[in-house]
**Student:** 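Sharing a structure, written as structure tokens. Questions coming.
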Number of protein chains: 2
Amino acid sequence: MTSRATTAGPRERLLEAAKRLTYTRGVGVGIDALLSASNVARRSLYEHFGGKDGLIAEVLRLAAEEDEATYRRTMRAAGGNPRDRLLAVFDALAKVVARPDFRGCRYLAADLALADPDHPGHAVTREYRQRVHHLLERELAALGHPRPDLAADQLLLLIDGTLAAGATRPDSRPAASARLLAEQILDAGAA
Amino acid sequence: MTSRATTAGPRERLLEAAKRLTYTRGVGVGIDALLSASNVARRSLYEHFGGKDGLIAEVLRLAAEEDEATYRRTMRAAGGNPRDRLLAVFDALAKVVARPDFRGCRYLAADLALADPDHPGHAVTREYRQRVHHLLERELAALGHPRPDLAADQLLLLIDGTLAAGATRPDSRPAASARLLAEQILDAGAA
DNA sequence: CCATGAATAGACCGGTCGATCTACTGGACC
DNA sequence: GGTCCAGTAGATCGACCGGTCTATTCATGG
């Protein structure tokens with residue numbers, strides 16, 4: 001009986017609580033809040049992550065993995081047509097920004113809040129954006145778009161804009177607005 | 001000789017230093033940093049602004065005034081053609097995000113960093129976005145766009161996306177990408 | 001000449017920050 | 001049974017947080 005869920009170790013509990021609290025309260029949350037929310041001893045944080053910065057970076061890494069998987073799942077569920085797969089991303093965004101607890105893009109918030117350009121979190125967010133960019137670019141290439149790199153930049157810009165507007169002007173239905181523009185980007189490839 | 005610059009009072013000095021430091025270090029900057037950077041006494045802050053929150057709100061108000069004036073100036077300098085006036089905004093954005101000290105949109109950063117939804121800063125940023133939205137919508141109406149309100153939302157989304165991408169992917173030349181999309185929005189009005 | 005009021009300097013408050021440390025617990029493994 | 005070690009609990013550290021306070025300076029105007 002060594003199996004069973006074993007209630008998840010302190011590392012996992014801390015990561016989960018940090019993922020939640022760094023989003024709702026920002027990366028400026030105090031360590032104590034993370035520890036008490038996860039019922040993890042102070043010392044365990046430093047043994048597992050070396051410090052707050054390491055924990056934040058790991059949280060971003062974990063969230064980025066999940067979010068990238070969500071992108072892939074969304075596109076996979078949309079079938080084999082690259083156009084449908086890309087537009088499905090904006091339909092998914094509409095649901096994301098409509099969630100009552102939506103508070104904007106976690107990665108942009110982290111980049112803006114972490115003033116130190118050498119903070120390890122920045123490298124994580126940078127790589128995440130590259131991965132999403134690559135994801136989009138591949139679909140655009142499959143679509144036969146003449147400039148998949150530029151178009152991927154534009155789609156990424158629409159995604160960032162949607163998440164920003166979703167946080168600051170939720171009543172403007174930004175995902176729908178962005179989807180219309182995305183269609184025009186894709187039409188340039190179908191021409 | 002009551003005139004002369006008189007070196008600006010403590011209120012102005014503090015506002016100026018806070019405008020600079022809340023941008024470079026975020027709204028989480030300590031009060032002491034703002035006071036020592038402006039050579040203002042601690043007490044003066046509380047007499048003029050009531051506290052840190054009041055100071056931050058006033059800084060956002062001041063910055064919003066200046067930025068709105070910059071929008072108006074950019075459009076005025078672009079002549080009388082609404083299309084030229086709107087596209088000039090994105091040319092101006094290209095220069096903004098190219099500045100070496102560019103650190104993203106001040107207002108979005110504030111909204112993301114101020115976790116308390118009742119913080120007075122949020123009201124300031126909300127009104128600022130409404131003003132810019134109105135500015136864009138008026139030009140779109142003058143252009144004869146069939147849906148100036150939706151189009152203004154889309155332009156605002158492109159602006160937010162440009163500022164976000166400029167902070168996180170500066171090498172992607174987001175303003176140029178956004179301008180191309182903006183042209184398509186405007187073309188819907190010229191049709 | 002002196003009263004007024006804005007601004008300054010800076011001590012001080014309780015609280016919190018991230019980080020380090022010691023002491024202890026409990027279960028796994030040999 | 002004894003060893004080992006991850007994890008817990010919590011005291012403690014210096015630094016800083018936002019905010020309040022007293023005392024002082026200084027230019028102005030009656």
Side-chain angles (χ1 to χ4, degrees), chain A residues 1-22 24-60 109-110 113-116 118-122, chain B residues 1-22 24-60 109-110 113-116 118-122:
Chain A
M1 290 267 182
T2 63
S3 61
R4 202 64 178 146
T6 53
T7 64
R11 188 177 190 278
E12 287 68 31
R13 294 204 311 275
L14 184 52
L15 276 176
E16 199 58 32
K19 182 157 72 83
R20 179 170 49 88
L21 288 176
T22 57
T24 59
R25 297 202 217 169
V27 293
V29 207
I31 278 186
D32 292 343
L34 306 178
L35 294 176
S36 61
S38 57
N39 274 317
V40 168
R42 203 171 196 71
R43 175 162 192 164
S44 300
L45 187 159
Y46 292 92
E47 287 181 353
H48 282 294
F49 305 103
K52 189 192 182 184
D53 290 351
L55 172 60
I56 287 180
E58 194 59 33
V59 164
L60 291 173
L114 301 175
D116 177 10
D118 294 330
H119 193 287
H122 292 302
Chain B
M1 287 272 184
T2 63
S3 60
R4 200 69 177 142
T6 52
T7 64
R11 188 177 189 278
E12 286 70 32
R13 293 203 312 275
L14 184 52
L15 275 175
E16 197 59 31
K19 183 157 71 83
R20 178 171 49 89
L21 288 176
T22 57
T24 59
R25 297 203 217 167
V27 293
V29 210
I31 277 186
D32 292 342
L34 306 179
L35 295 176
S36 60
S38 57
N39 275 316
V40 168
R42 201 172 194 73
R43 178 159 191 167
S44 301
L45 188 159
Y46 291 93
E47 287 182 350
H48 282 295
F49 304 103
K52 189 192 183 185
D53 290 351
L55 172 61
I56 288 180
E58 193 59 32
V59 163
L60 291 173
L114 301 175
D116 177 9
D118 293 330
H119 192 287
H122 292 302

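As a basis for the values below, the full set of heavy atoms in this structure was taken, side chains included, without hydrogen atoms, waters or symmetry mates. Each chain gets a letter, A, B and so on, in the order its sequence line appears, and its residues count up from 1.
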**Student:** Is there a side-chain polar atom (N or O) of B:Arg13 under 4.0 Å from OP1 or OP2 of C:dT8?
**Tutor:** yes
**Student:** Does atom CZ (B:Arg25) have a neighbourhood of more than 12 heavy atoms from anything else shown, all under 6.0 Å?
**Tutor:**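 Counting neighbours around CZ of B:Arg25, 12 or fewer heavy atoms of other residues, nucleotides or ligands fall under 6.0 Å, so no.
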**Student:** Can you tell me which nucleotide in C:dA19, C:dG10, C:dC17 comes closest to the side chain of B:Arg42?
**Tutor:** C:dG10
**Student:** Grab the CG-C1' distance between B:Leu14 and C:dA7 for me, whole Å please.
**Tutor:**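 Rounded to the whole Å, the gap is 13 Å.
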**Student:** Could you check how far CG of B:Asp32 sits from P of C:dC17, rounded to whole Å?
**Tutor:** 17 Å
**Student:** Minimum heavy-atom separation for A:Val27 and A:Ala113, please, with both atom names.
**Tutor:** CG2-CB, 3.7 Å
**Student:** Starting at CG of B:Asn39 and ending at P of C:dT8, how long is that distance when rounded to a whole Å?
**Tutor:** 8 Å
**Student:** Is the shortest heavy-atom distance from the side chain of B:His48 to the side chain of B:Val40 under 4.5 Å?
**Tutor:** no
**Student:** Has the side chain of A:Lys52 got a donor or acceptor atom that lies under 3.5 Å from a matching backbone atom of A:Gly30?
**Tutor:** no
**Student:** Tell me whether the OP1 or OP2 atom of C:dA6 has a side-chain N or O from B:Ser44 closer than 4.0 Å.
**Tutor:** no
**Student:** So which heavy atom on B:Leu114 is nearest to which on B:His119, and how close?
**Tutor:** CD1-ND1, 3.5 Å
**Student:** Report the distance from atom CG of A:Leu45 to atom C1' of C:dC17, rounded to the nearest whole Å.
**Tutor:**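 Those two atoms, CG and C1', are 13 Å apart.
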**Student:** Can you check whether B:Tyr46 reaches B:Ile31 side chain to side chain, under 4.5 Å on heavy atoms?
**Tutor:** yes
**Student:** Give the nucleotide from the list C:dT8, C:dA19, C:dT22 with an atom nearest to the side chain of B:Pro10.
**Tutor:**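 The listed nucleotide nearest to B:Pro10's side chain is C:dT8.
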**Student:** Charged N to carboxylate O under 4.0 angstrom, A:Glu16 versus A:Arg13?
**Tutor:**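 Answer for the salt bridge query: no.
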**Student:** Within the 4.5 Å heavy-atom criterion, are A:Leu15 and A:Lys19 side-chain neighbours or not?
**Tutor:**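 A:Leu15 vs A:Lys19: side chains apart.
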**Student:** Can you give me the first and the last nucleotide of DNA chain D (5' to 3') that has an atom within less than 4.0 angstrom of a non-hydrogen atom in chain A?
**Tutor:** D:dG7 to D:dA11
**Student:** Any idea which heavy atoms bring B:Ala17 and B:Leu34 closest together, and the distance?
**Tutor:**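 Minimum heavy-atom contact is CB-O, 4.2 Å.
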**Student:** Using a cut-off of strictly less than 4.0 Å between a heavy atom of the residue and any atom of DNA chain D, enumerate the qualifying residues of residues 47-57 of chain B by number.
**Tutor:**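 Here the set is B:Gly51, B:Lys52.
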**Student:** Hey, which of these two, A:Arg43 or A:Ala33, hits DNA chain C nearer its 5' end, going by closest nucleotide?
**Tutor:** A:Ala33
